[in-house]
Asks: 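Below is a structure I'd like to ask you about.
Side-chain atoms are counted along with the backbone in the values below, which use heavy atoms only and exclude waters and symmetry mates. Remember, predicted model here, so these are calculated numbers, not experimental data.
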Amino acid sequence: MEELESRQTQILKRITQLELSLLPPSTNEQPSATVSRLSAALVAGGVKDFSFKRAPSDYYDRSFEARRDILGAASIHHLCKSIVLVNTQAASDITDCSDRQNSKYYVVVVQYTARFSAETVKNFLYTLNNGKIPKKRFNLRLAPEEISHELTGFEHNGVTCVGMKTDIPVILDEAIVKLQPDFFWLGGGEIDLKLGIRTSEFINFTKPFIVNCSGS
């Protein structure tokens, strides 16, 4: 009988330890400099509904479903990423982001579950410029990592549209705008940091071009 009680006690202890291991980190933990800086930028820009979450180091080795659960996202389609594109065929005098309509670089926010189409962005920019710039002058490609880092200040998998070193024009995939509930997740400035934000407030903050630039 004593042996049975002892085993029951050990089992209860293990259950308690497991439950504790599943709890989120202590809220007393001081936010990182990145969280403080980006939070200040968001608040200054009128954004109220946002959240930062720290992901485990093996986050990108996990399935979309596991990532959804880690962040508490509404669905796997609410998991998004920011990618820096370079127009490799821009005219020689187009070297920066001073002209939103004909920029050397763009940041595109797209769902992880979607298939990004650079061709639709090319067509959008051609139309945006009223056909005054030849289509051959638009060729959007993924910017090299070192260029992305130099422009944004963020590493690969940590890129976000908030607090970038350079004011790069943002293109938001139309599919994200249609998500319900309207709160999605993207990179948060560090590899293991994620930012959740209300879609309407993200739009007001980044003033993106909203383009249908992906397929499922």
Side-chain angles (χ1 to χ4, degrees), residues 47 50 60 64 67-68 71 73-91 94-145 147-149 151-152 154 156-164 166-189 194-216:
V47 179
F50 67 93
Y60 287 103
F64 289 148
R67 297 184 204 179
R68 173 201 62 201
L71 299 178
S75 77
I76 60 173
H77 306 297
H78 286 71
L79 305 175
C80 305
K81 58 184 174 181
S82 305
I83 53 177
V84 179
L85 299 180
V86 56
N87 182 4
T88 62
Q89 295 300 317
I94 306 298
T95 59
D96 57 22
C97 304
S98 55
D99 183 355
R100 277 172 52 86
Q101 295 190 184
N102 186 24
S103 177
K104 178 71 173 180
Y105 303 96
Y106 287 92
V107 175
V108 176
V109 183
V110 66
Q111 296 159 296
Y112 271 100
T113 55
R115 186 175 63 254
F116 172 67
S117 170
E119 190 66 22
T120 56
V121 174
K122 172 182 176 177
N123 293 335
F124 167 77
L125 293 174
Y126 175 74
T127 303
L128 184 66
N129 287 277
N130 299 312
K132 294 177 181 178
I133 301 172
K135 263 193 179 181
K136 66 180 182 181
R137 284 298 183 186
F138 298 107
N139 185 46
L140 283 300
R141 291 289 179 264
L142 190 65
E145 267 188 49
I147 297 295
S148 175
H149 184 268
L151 290 170
T152 65
F154 303 123
H156 178 63
N157 286 334
V159 176
T160 191
C161 305
V162 181
M164 294 185 292
T166 309
D167 186 17
I168 311 174
V170 177
I171 294 174
L172 179 65
D173 187 14
E174 187 179 59
I176 298 173
V177 180
K178 295 177 179 178
L179 287 172
Q180 289 297 329
D182 59 337
F183 189 96
F184 70 98
W185 291 85
L186 69 163
K194 306 302 162 194
L195 166 64
I197 189 168
R198 183 69 56 193
T199 311
S200 57
E201 294 193 349
F202 177 86
I203 292 170
N204 289 337
F205 183 82
T206 60
K207 305 292 189 295
F209 295 112
I210 298 173
V211 184
N212 180 7
C213 58
S214 72
S216 300

Asks: Mind listing the closest non-hydrogen atom pair of Phe154 and Gly189 along with its distance?
Replies: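 Distance-wise, the nearest heavy atoms are CD2-O, 3.4 Å.
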Asks: Under a 3.5 Å distance rule, please check whether Ser103 uses its side chain to pair with a backbone N or O of Arg100 as donor and acceptor.
Replies: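 Flag not set: sc Ser103 to bb Arg100 has no pair under 3.5 Å.
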Asks: Would you say Ile171 and Val121 make side-chain contact, with heavy atoms under 4.5 Å?
Replies: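 They are in contact (side-chain heavy atoms under 4.5 Å apart), so the answer is yes.
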Asks: Please check if any side-chain donor atom of Asn157 sits under 3.5 Å from a side-chain acceptor atom of Lys81, or the reverse.
Replies: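 Per modelled atom types, Asn157 and Lys81 side chains form no pair under 3.5 Å.
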Asks: Are side-chain heavy atoms of Asn102 and Ile94 found at a separation under 4.5 Å?
Replies: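 A side-chain contact under 4.5 Å exists here.
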Asks: Any side-chain heavy atom of Cys161 within less than 4.5 Å of one from Phe202?
Replies: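 Yes, at least one pair of side-chain atoms sits under 4.5 Å.
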Asks: To check you understand the geometry: which heavy-atom pair defines the closest contact between Pro169 and Phe209, and what is its length?
Replies: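 Scanning both residues, the minimum pair turns out to be CB-CE1, 4.4 Å.
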Asks: Quick one: does any side-chain atom of Thr160 pair with a main-chain N or O of Gly187 as donor and acceptor, under 3.5 Å?
Replies: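 Answer holds: yes.
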Asks: For Ala73 versus Trp185, what's the shortest heavy-atom pair and its separation?
Replies: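 Nearest heavy atoms, Ala73 then Trp185: CB-CD1, 3.7 Å.
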Asks: Ignoring hydrogens, what is the shortest heavy-atom contact between Ile176 and Thr199? Give both atom names and the distance.
Replies: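 Closest approach of Ile176 to Thr199, heavy atoms only: O-CG2, 4.2 Å.
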Asks: Which residue pairs satisfy the salt bridge (Lys or Arg N to Asp or Glu O under 4.0 Å) criterion with at least one member in residues 196-211, sequence neighbours excluded?
Replies: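 Every salt bridge (Lys or Arg N to Asp or Glu O under 4.0 Å) pair that includes a residue of residues 196-211, provided the two are not neighbours, is Asp49-Arg198, Asp182-Arg198.
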Asks: Who pairs with Phe50 by side-chain contact (heavy atoms from CB on, under 4.5 Å), at least two apart in sequence or on another chain?
Replies: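 Scan of Phe50 (side-chain contact (heavy atoms from CB on, under 4.5 Å), adjacent residues dropped) gives Ser39, Leu42, Val43, Val47, Phe52, Leu195, Ile197.
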Asks: So, His78 side chain and Pro181 main chain: donor-acceptor pair closer than 3.5 Å or not?
Replies: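 Checked: pair present.
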Asks: Among residues at least two apart in sequence or on other chains, which ones pass side-chain contact (heavy atoms from CB on, under 4.5 Å) with Ser98?
Replies: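 side-chain contact (heavy atoms from CB on, under 4.5 Å) list for Ser98, sorted by chain: Asp96.
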Asks: Compare all side-chain heavy atoms of Arg141 with those of Leu85 and state whether any distance is below 4.5 angstrom.
Replies: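 Not in contact.
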Asks: Show, in sequence, the C-alpha distance, side-chain angles and deciding distance for Asp173 and Val108, and conclude whether the side-chain contact (heavy atoms from CB on, under 4.5 Å) test is met.
Replies: CA-CA 7 Å; Asp173 187 14; Val108 176; 5.7 Å; no
Asks: Okay, side chain of Asn87, backbone of Asn139: is any donor-acceptor separation there less than 3.5 Å?
Replies: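 Side chain of Asn87 to backbone of Asn139: a pair is present.
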Asks: Under the 3.5 angstrom rule, does the side chain of Asn129 hit a backbone N or O of Gln101 as a donor-acceptor pair?
Replies: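 Yes, because the side chain of Asn129 sits within donor-acceptor range (under 3.5 Å) of the backbone of Gln101.
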Asks: Taking His77's backbone N and O only, do any of them form a donor-acceptor pair with Gln111's side chain (distance below 3.5 Å, no angle check)?
Replies: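 Yes, because the side chain of Gln111 sits within donor-acceptor range (under 3.5 Å) of the backbone of His77.
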Asks: Counting only N and O atoms by type, is there a donor-acceptor contact under 3.5 Å from the side chain of Thr127 to the main-chain atoms of Asn123?
Replies: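 Yes; at least one donor-acceptor contact below 3.5 Å.
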Asks: Return yes if some donor-acceptor pair links the side-chain N/O of Thr166 with the main-chain N/O of Ile168 below 3.5 Å, else return no.
Replies: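 No; judged by distance alone, with no hydrogens or angles, the pair does not exist.
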Asks: Backbone N or O of Ile76 within a donor-acceptor pair of the Arg68 side chain at under 3.5 Å?
Replies: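 Answer holds: no.
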Asks: Can Lys135 be said to sit on top of Tyr126's aromatic six-ring, NZ or CZ under 6.0 Å from centre and within 45° of the ring axis?
Replies: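 Yes, a cation-pi geometry.
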Asks: Do you know the tightest heavy-atom contact between Gln89 and Arg137?
Replies: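 So the minimum-distance heavy-atom pair works out to O-CD, 3.1 Å.
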Asks: Take Val177 and Ile203, measure what side-chain contact (heavy atoms from CB on, under 4.5 Å) needs, and give me the verdict at the end.
Replies: CA-CA 9 Å; Val177 180; Ile203 292 170; 4.3 Å; yes
Asks: If we ignore hydrogens and angles and just use 3.5 Å, is the side chain of Asn130 paired with the main-chain N or O of Lys132 as donor and acceptor?
Replies: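 No.
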Asks: Identify the residue among Ile83, Val159, Val170 that makes a side chain to side chain contact (heavy atoms under 4.5 Å, CB included) with Val109.
Replies: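 Looking at Ile83, Val159, Val170, the match for Val109 under the side chain to side chain contact (heavy atoms under 4.5 Å, CB included) is Val170.
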Asks: Under the criterion side-chain contact (heavy atoms from CB on, under 4.5 Å), I'd like the reasoning laid out for Leu151 against Val84: C-alpha separation, chi angles, the key distance, then a yes or no.
Replies: CA-CA 9 Å; Leu151 290 170; Val84 179; 4.3 Å; yes
Asks: Just so I know, are the side chains of Phe116 and Cys213 near enough to count as touching, which here means a heavy-atom distance under 4.5 Å?
Replies: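 Side chain of Phe116 against side chain of Cys213, heavy atoms only: contact under 4.5 Å found.
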